[in-house]
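These values consider heavy atoms only, across backbone and side chains, with no hydrogens, waters or symmetry-generated copies. Since the model is a prediction, treat every value here as computed from it, not as a measurement. The chains referred to below are lettered A, B, ... by the order of the sequence lines, with proteins before strands, and numbering in each begins at 1.
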Number of protein chains: 2
Amino acid sequence: MSAQPLARLAGLLADPTRAAICLALLDGRAWTASELAHHVGIVASTASEQLSRLVAGGLLVEERQGRHRYLRLAGPGTAALVEDLATFAATQPGSAATPAPAPRNLRESVRRSAEARARTCYDHLAGRLGVAVADSLLARGVVSDEAGLAVTVPGRAWLTTTVGVDVEALRHGRRPLVRSCLDWTERRPHLAGVLGAALCTHAMDAGWLRRVGTGRALRVTTGGAEALRDLFGITLDQGAD
Amino acid sequence: MSAQPLARLAGLLADPTRAAICLALLDGRAWTASELAHHVGIVASTASEQLSRLVAGGLLVEERQGRHRYLRLAGPGTAALVEDLATFAATQPGSAATPAPAPRNLRESVRRSAEARARTCYDHLAGRLGVAVADSLLARGVVSDEAGLAVTVPGRAWLTTTVGVDVEALRHGRRPLVRSCLDWTERRPHLAGVLGAALCTHAMDAGWLRRVGTGRALRVTTGGAEALRDLFGITLDQGAD
DNA sequence: GCGACGGTTCGGCGCCCGCCGAAGTGTCCC
DNA sequence: GGGACACTTCGGCGGGCGCCGAACCGTCGC
């Protein structure tokens with residue numbers, strides 16, 4: 001019976017401090033030990049111990065550079081796991097003080113994105129922008145969710161030629177091409193998987209989006225607003241954190 | 001930040017005893033408190049406390065009948081979560097003493113099923129039989145895994161008319177129609193989701209499979225062996241626990 | 001060199017948690 | 001009613017864990 005490994009893994013996330021660290025790292029970037037310590041409100045020595053524990057448990061990987069110790073999640077699978085757990089935990093019990101915004105239709109969701117927060121979730125887009133993009137792709141038939149998400153045939157062509165994301169090149173490795181990832185602030189799904197990651201990368205490379213500060217927040221550039229409108233039919237004011 | 005709920009949830013599974021309880025309940029059935037206590041090797045009073053904790057945390061639900069307290073996992077989502085975690089935990093670190101059988105091709109996998117163990121995983125088929133069925137459906141084009149698992153159009157017709165599983169009727173609710181579930185003994189995927197559950201139910205209703213003992217083990221009946229051969233091209237000796 | 005700084009190790013404190021046995025409550029059956 | 005039985009409550013024990021502060025070790029920059 002494999003109860004022992006399960007308990008060991010769960011134990012890593014069973015402490016609020018370590019959980020907060022993993023959630024912070026969901027932005028997919030490497031943080032230094034002291035950044036994390038400050039972020040979760042513990043002293044450096046404690047952080048050092050907890051981080052070592054997370055690394056030893058395989059959830060985090062570290063990279064040492066000079067006097068810095070950079071930490072990030074071990075991989076997309078790890079991020080998906082943490083994300084799933086956090087989502088489940090947030091939807092499940094009397095986890096008090098969560099106002100739970102009701103599901104909205106496409107138009108309203110896009111409209112709300114106008115004043116929107118955009119952010120990353122591990123390696124793909126999340127927040128209202130992420131939800132709006134997902135809604136748009138679904139509405140335009142680029143992806144369908146007949147029995148699980150999938151890229152349609154015309155959708156593949158459109159992504160490759162018009163948007164500039166080579167779908168065929170993504171279809172390697174075992175990571176699913178497109179996966180639904182529930183956002184726990186928006187409570188609505190957005191696109192993860194290789195395609196989600198590629199879209200995010202593309203948006204950054206093309207200068208549509210820019211990181212703001214050290215967190216997961218994104219800012220939509222002027223050119224980005226244009227591109228989002230033309231390609232996805234999403235209108236939003238830029239900036240707005 | 002939602003670190004607190006995450007930690008609370010993870011904390012429920014962070015104890016080997018509670019983890020073992022949840023793994024046992026992956027068979028999808030309701031166990032009594034004392035059955036679980038005996039199964040994981042603790043005294044009744046301790047079990048009572050742990051079970052209450054799991055129920056309070058939303059992972060388990062209870063049903064009282066007379067002097068018995070029946071417990072089962074709260075739902076398919078809960079089962080999927082536990083399964084995912086257990087899989088991740090088993091594949092991840094130095095969780096020593098796991099020989100890790102290499103992936104096999106279809107023919108070999110089906111051949112191995114000849115001496116096979118069949119069992120349930122929550123509400124669908126697992127073990128070598130479950131893997132063989134999944135392989136068969138993939139090989140015959142009933143389901144495809146282009147960018148996530150999906151039932152093909154001819155597959156839907158075949159399932160409905162030949163096998164007798166009304167796929168259209170399953171497409172309600174938010175649970176995915178078909179989902180891949182990695183078996184941690186076989187290390188190979190089998191079919192979960194509504195379709196996986198329906199197939200399992202159908203196999204039991206049609207008398208192809210029968211529960212053996214109180215665990216998750218299944219026995220293939222004589223008629224079942226015939227049906228599996230004719231419909232799925234799977235040949236196996238019956239019995240063999 | 002020296003000081004500033006990021007990170008680590010160590011000792012110690014307090015708390016929580018899982019376990020048990022013993023005693024108690026409720027249900028079923030004779 | 002009485003006895004078996006499933007389960008629960010309670011007290012108590014022991015161990016582990018998270019936290020901190022203080023001392024220590026490397027690295028960087030002047």
Inset, instruction - Please examine the side chains of L85(A) and L85(B), heavy atoms only from C-beta on, and report whether any two atoms are closer than 4.5 Å. - result: yes
Inset, instruction - May I have the distance from Y70(B) (atom OH) to dC7(D) (atom C1'), rounded to whole angstrom? - result: 13 Å
Legend entry - Gap between atoms CZ and C1', on R64(A) and dC25(D) respectively (whole Å): 12 Å
Inset, instruction - For DNA chain C, note the earliest and the latest nucleotide, 5' to 3', having some atom under 4.0 Å of a heavy atom belonging to chain B. - result: dG18(C) to dC28(C)
Inset, instruction - Give a yes/no on whether any side-chain N or O of Q50(A) is located under 4.0 angstrom from OP1 or OP2 of dC17(D). - result: no
Legend entry - Backbone of W208(B) reached by a side-chain donor or acceptor of T221(B) within 3.5 Å: yes
Inset, instruction - Ignoring hydrogens and angles, state whether a donor on the side chain of T78(A) or R72(A) is under 3.5 Å from an acceptor on the partner side chain. - result: no
Legend entry - Whole-Å distance separating the CD atom of E35(B) from the C1' atom of dC5(D): 14 Å
Inset, instruction - Compare all side-chain heavy atoms of L59(A) with those of L13(A) and state whether any distance is below 4.5 angstrom. - result: yes
Inset, instruction - Check whether any side-chain heavy atom of L125(B) sits under 4.5 Å from a side-chain heavy atom of L209(B), and report yes or no. - result: yes
Legend entry - L51(B) side chain reached by R69(B) side chain, heavy atoms, under 4.5 Å: yes
Inset, instruction - Specify the separation, in whole Å, of atom CG of L51(A) and atom C1' of dC19(D). - result: 14 Å
Inset, instruction - Would you indicate what T32(A) reaches in the nucleic acid, counting non-hydrogen atoms under 4.0 angstrom: base, sugar-phosphate, or nothing? - result: sugar-phosphate
Inset, instruction - Send over the distance from L13(A) CG to dG18(D) C1', rounded to a whole Å. - result: 16 Å
Legend entry - Minimum side-chain heavy-atom gap L73(B)-L26(B) below 4.5 Å: yes
Legend entry - Rounded distance (Å) that lies between atom C1' of dC7(D) and atom CD of Q65(B): 15 Å
Inset, instruction - Remember a base hit wins even if backbone is also touched, and classify S52(A) as base, sugar-phosphate or nothing at under 4.0 Å, heavy atoms. - result: nothing
Inset, instruction - Return the nearest nucleotide to the side chain of R67(B); candidates are dC7(D), dC19(D), dC5(D). - result: dC5(D)
Legend entry - Contact list for DNA chain C against residues 40-49 of chain A - heavy-atom distance below 4.0 Å: A44(A), S45(A), S48(A), E49(A)
Inset, instruction - Check whether any side-chain heavy atom of I234(A) sits under 4.5 Å from a side-chain heavy atom of V133(A), and report yes or no. - result: yes
Inset, instruction - Examine dC17(D): is either OP1 or OP2 under 4.0 Å from a nitrogen or oxygen in the side chain of R18(A)? Give yes or no. - result: no
Inset, instruction - Identify the residue among L23(B), D15(B), T87(B) that makes a side chain to side chain contact (heavy atoms under 4.5 Å, CB included) with L6(A). - result: L23(B)
Inset, instruction - Return the value, rounded to whole Å, for the distance between atom CD1 of I21(A) and atom P of dG18(D). - result: 11 Å
Legend entry - Interatomic distance, D15(B) CG vs dC17(D) C1' [rounded to whole Å]: 14 Å
